[in-house]
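Since the structure comes first, as structure tokens, the remarks are kept for the end.
Numbering of ligands and ligand atoms starts at 1, following listing order. As the structure is a computational prediction, the values presented were derived from the model and not from experiment.
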Amino acid sequence: MYDFKIEAADKATLYRDIASALEGLIAGETDAIANMANAAALIFEGLPDINWVGFYRNVGGELVLGPFQGRPACIRIPFGTGVCGSAAATRQVQRVEDVHAFESHIACDAASASEIVVPLIRDGELLGVLDIDSPKKARFTEEDEAGCVKLGEILSRVL
Ligand code: SME
């Protein structure tokens, strides 16, 4: 059993604790699905005010739903569409304070109000994206972005 309890006084510490727990979970494991599944569970447990966290994989130039926590989500997203597709097309983190103001946002859970999507890249190849949704507007700050990018770097090594 992997028994983690993450309680941190500030975001930097919280992300450091999650990153360290993630390193522990993936250590010695090369199965990408297992690693994505545990990462989704860990982030969902560890971050407050989150209603969805998961992965979309780059399958032949289309994003296809991977392991996640939260409500069932749309399965296929073309590059360039929605927050995830924008992250995939531009290879840039998308941090959206109000998803309803994002033109092509794809609503999977009506409760989602803000979202962050981190592209996962290894050796110049886009592996997929890490997507995190919140029911709170402007939930994700620059500190969250730095923390999520770090988690994305750790994950890109083992996907
Ligand atoms: N909102 C995303 C779609 C995926 S769900 O949030 C799980 C988007 O616009 O790409």
message: Evaluate I106 for polar contact with ligand 1, using N/O atom pairs at a separation under 3.5 Å.
response: yes

message: Using a 4.0 Å cut-off to any heavy atom of W52, which atoms of ligand 1 qualify?
response: 7 (C)

task: With heavy atoms of D133 as the reference, note each atom of ligand 1 found under 4.0 Å away.
output: 5 (S), 6 (O)

query: How far is atom 10 (O) of ligand 1 from its nearest protein heavy atom, and which residue and atom name does that atom have?
result: C84 N, 2.8 Å

message: Going by salt bridge (Lys or Arg N to Asp or Glu O under 4.0 Å), name the residues that satisfy it together with R95, two or more places apart in sequence or in a different chain.
response: E145

task: Considering the heavy atoms of H105, write down every atom of ligand 1 situated less than 4.0 Å from one of them.
output: 1 (N), 9 (O)

query: Heavy atoms, side chains only, cut-off 4.5 Å: are L151 and V149 in contact?
result: no

- request: Give yes if a backbone or side-chain nitrogen or oxygen of C108 is under 3.5 Å from a nitrogen or oxygen of ligand 1, and no if not.
  value: no

message: Is the shortest side-chain heavy-atom distance between R139 and L47 below 4.5 Å?
response: yes

- prompt: What residue and heavy atom of the protein are closest to atom 4 (C) of ligand 1, and at what distance?
  reply: D131 OD2, 3.4 Å

- prompt: Can any side-chain N or O of S134 pair as donor or acceptor with the backbone N or O of I50 at less than 3.5 Å?
  reply: no

query: Any sub-3.5 Å donor-acceptor pair from T81's side-chain atoms to I77's backbone N or O?
result: no

- line: Of all protein heavy atoms, the one nearest atom 8 (C) of ligand 1 is V83 N, 3.3 Å

task: Ignoring hydrogens and angles, tell me if any N or O in the side chain of D131 forms a donor-acceptor pair with the backbone of G54 under 3.5 Å.
output: no

message: Only heavy atoms of E115, strictly under 4.0 Å: list the atoms of ligand 1 that pass.
response: 1 (N), 2 (C), 6 (O), 8 (C)

message: If you count every heavy atom of other residues, nucleotides or ligands that lies below 6.0 Å from R122 atom CZ, does the total exceed 12?
response: yes

- prompt: Based purely on interatomic distance, does Y56 place a nitrogen or oxygen under 3.5 Å from a nitrogen or oxygen of ligand 1?
  reply: no

message: Could you tell me, atom by atom, which parts of ligand 1 come under 4.0 Å of a heavy atom of G82?
response: 9 (O), 10 (O)

- prompt: What do you reckon, is NZ of K11 surrounded by more than 12 foreign heavy atoms closer than 6.0 Å?
  reply: yes

